[in-house]
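Every number for a ligand or one of its atoms is a count from 1 in the order of the listing.
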Amino acid sequence: MKVVLLFIALMAVSIGFPQNSDITTNLHETYEKYKEPSLNKRRIKHHELLPLLVKYADNKAFTVKKVGESIEGRALNLISIGSGKTTVLLWSQMHGNEPTATQSIFDILNFLASDDFQEEKKEILESLTIHFLPMLNPDGAERFQRRNLLGVDINRDAVRLQSPESITLKNVRDSLNADFGFNLHDQSSYYNAERTEKPATISYLAPAFNYEKSISEKRGNAMKIIVFMNNIIQKYAPGQVGRYNDDFEPRAFGDNIQKWGTSTILIESGGYANDVEKQEIRKLNYVSILSAIYTIAKENYKNIPIEEYEKIPENDRKLFDLKIVNATYTLMEKEYVLDLGVNRLEVDKEGNNDFWYSSRIIDQGDLSTYYGYETFDASGYTIKQGKVFPKVVLSIDQFNELDILDLLKQGYTYVRVANIPYEMLESPLPMQIIGKSYKLRDIQLKVGINPTFLLLKHGEPKYAVINGFLIDLTTGNGDFKNAMIYR
Ligand SMILES: [Zn+2]
């Protein structure tokens with residue numbers, strides 16, 4: 001019997017891929033049990049992490065240590081668990097508006113603190129000591145901005161070390177001399193896997209440590225772990241993985257931490273259709289990072305062929321929120337056919353806890369090499385600017401009582417409202433609001449403008465695009481969030 005088992009084990013090794021798929025499936029299926037419920041949207045703040053840190057400080061399996069402070073004095077904490085000789089360090093959110101993996105870290109901590117998966121956790125914690133440094137840039141997170149309070153991109157400060165957050169990361173890395181490092185970021189949702197319409201939901205990089213892009217054993221190990229994680233993501237989000245360009249960036253942390261001797265894995269959480277708050281991506285991070293930790297503990301990543309790394313498609317940036325193709329557009333009485341690429345850009349509200357959308361035309365012309373989360377074939381449809389509703393509406397309450405769909409069908413895309421409350425930033429209905437004396441000009445379609453127009457067939461409005469949201473005027477259907485207010 002033993003011989004047979006050994007044979008099976010050898011077979012698994014010779015195929016080259018660790019057979020950890022059982023734990024991965026279990027992690028995926030049981031995720032909701034460990035998901036940290038207090039961190040349920042992207043704009044998370046440092047103060048929301050503090051009660052969670054207290055919980056782990058009180059748990060004797062963990063140690064929580066303050067390892068530094070942000071410029072504004074927010075504590076940077078290192079949470080550690082395990083007693084193994086292999087050291088793994090994970091840090092997240094050095095860019096303040098990149099919170100997805102911070103949430104995943106607290107899900108992973110909940111998993112590690114639970115009484116479940118005893119056998120696997122014993123294997124992990126006897127082989128590894130794992131350190132988490134979540135939200136490295138809390139001042140940036142407070143403002144939901146990439147840079148820290150010094151206005152510096154921490155990821156270009158690994159050598160000059162002017163920011164206290166950078167110094168903290170460097171000190172922690174050096175004091176642990178970590179074997180493995182997970183450098184956790186978010187990327188734009190407009191990235192796709194090269195030459196496909198699939199968003200790069202997760203992108204990876206084993207950063208280079210020199211201009212020659214040499215592959216040392218350490219960097220090779222990072223590549224192997226990436227191949228392992230890619231296989232997991234492919235199972236749940238097929239085709240939705242990209243690989244970052246590995247040009248050496250001498251100022252970046254990933255590149256330098258690789259150089260300083262830690263096998264470094266960059267993970268970027270990108271976009272996923274209908275997942276604005278990136279909670280599905282958070283789950284994919286949880287499953288793939290925990291599985292990677294398990295494979296590092298078992299050391300069964302070692303036989304993964306490095307060549308598989310190069311087979312992951314490269315990252316590209318060719319996605320729009322809305323792509324309209326083959327629309328007819330009239331300019332100086334002549335007709336042209338245009339594709340339009342539209343993105344719905346987020347504008348933060350005061351306090352950076354919430355946002356509204358202000359959309360833009362990003363590109364127009366032949367966009368056949370681009371893709372859309374939503375694509376509309378406008379063949380046979382003509383773009384036309386909407387009209388201003390002739391009656392001035394006195395208040396927002398009156399505005400809310402209008403039959404908006406009917407107005408859109410009649411060709412109106414603007415309503416004048418006499419009294420717009422000062423604090424109101426967005427129109428709640430698919431109709432642009434303009435102030436009493438706002439002068440609306442004829443709009444020429446061009447890059448940079450707010451996409452608001454009608455799509456006509458046989459002279460009749462059939463679809464409306466209002467602030468970049470496409471609305472079917474026959475059914476009223478459309479994934480609408482907000483329109484604009486021009487005072
Ligand atoms: Zn980043």
Side-chain angles (χ1 to χ4, degrees), residues 39 41-46 49 70-71 74 76 89-105 132-170 172-173 181-192 199-208 222 226 229 241-258 262 264-272 277-278 281-282 284-285 288-289 314-317 319 345-346 348 352:
L39 309 174
K41 56 179 189 160
R42 282 175 295 151
R43 285 163 176 76
I44 52 172
K45 312 286 184 219
H46 184 259
L49 307 187
S70 69
I71 293 176
R74 295 189 172 87
L76 305 174
L89 171 63
L90 303 94
W91 63 95
S92 72
Q93 216 171 342
M94 69 164 68
H95 295 135
N97 57 353
E98 301 181 3
T100 305
T102 300
Q103 301 175 17
S104 308
I105 283 178
F132 300 89
L133 180 42
M135 196 184 275
L136 189 65
N137 180 4
D139 300 350
E142 202 64 24
R143 298 158 176 85
F144 203 62
Q145 68 182 29
R146 176 181 178 88
R147 292 170 184 252
N148 69 359
L149 202 65
L150 185 61
V152 160
D153 180 341
I154 293 171
N155 209 21
R156 298 291 178 269
D157 196 34
V159 177
R160 188 167 288 187
L161 294 172
Q162 284 303 294
S163 304
E165 301 89 353
S166 311
I167 295 167
T168 300
L169 178 57
K170 171 86 163 85
V172 167
R173 207 279 349 155
F182 289 79
N183 184 13
L184 306 172
H185 293 251
D186 281 75
Q187 66 183 359
S188 163
S189 58
Y190 304 123
Y191 281 100
N192 62 309
T201 299
I202 298 283
S203 291
Y204 292 114
L205 174 67
I226 287 172
M229 286 192 288
V241 177
R243 177 169 51 93
Y244 254 92
N245 176 306
D246 68 347
D247 285 348
F248 179 56
E249 170 48 78
R251 303 169 298 164
F253 263 105
D255 306 52
N256 279 289
I257 289 180
Q258 192 88 269
T262 294
T264 307
I265 295 142
L266 170 77
I267 305 180
E268 299 267 0
S269 297
Y272 191 97
E277 291 301 333
K278 300 176 79 156
I281 310 176
R282 162 190 184 170
L284 292 175
N285 262 317
S288 58
I289 293 171
E314 284 196 56
N315 246 12
D316 203 353
R317 191 180 174 135
L319 269 170
L345 308 180
E346 294 181 7
D348 272 38
N352 308 96

Basic-acidic side-chain contact under 4.0 Å: [X], [Y]:
{"X": "Arg43", "Y": "Asp348", "value": "yes"}
{"X": "Arg42", "Y": "Glu346", "value": "yes"}
{"X": "Arg146", "Y": "Asp153", "value": "yes"}

Would you name the N/O/S atom of [X] that lies closest to the Zn ion (ligand 1)?
{"X": "His185", "result": "ND1"}
{"X": "Glu98", "result": "OE1"}
{"X": "His95", "result": "ND1"}

Practice task
Going by the side-chain hydrogen bond (donor to acceptor under 3.5 Å, both in side chains) test, name the single residue among Arg147, Gln145, Gln187, His185 that passes it with His95.
Solution key: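 Running side-chain hydrogen bond (donor to acceptor under 3.5 Å, both in side chains) over Arg147, Gln145, Gln187, His185 with His95 returns exactly one hit, His185.
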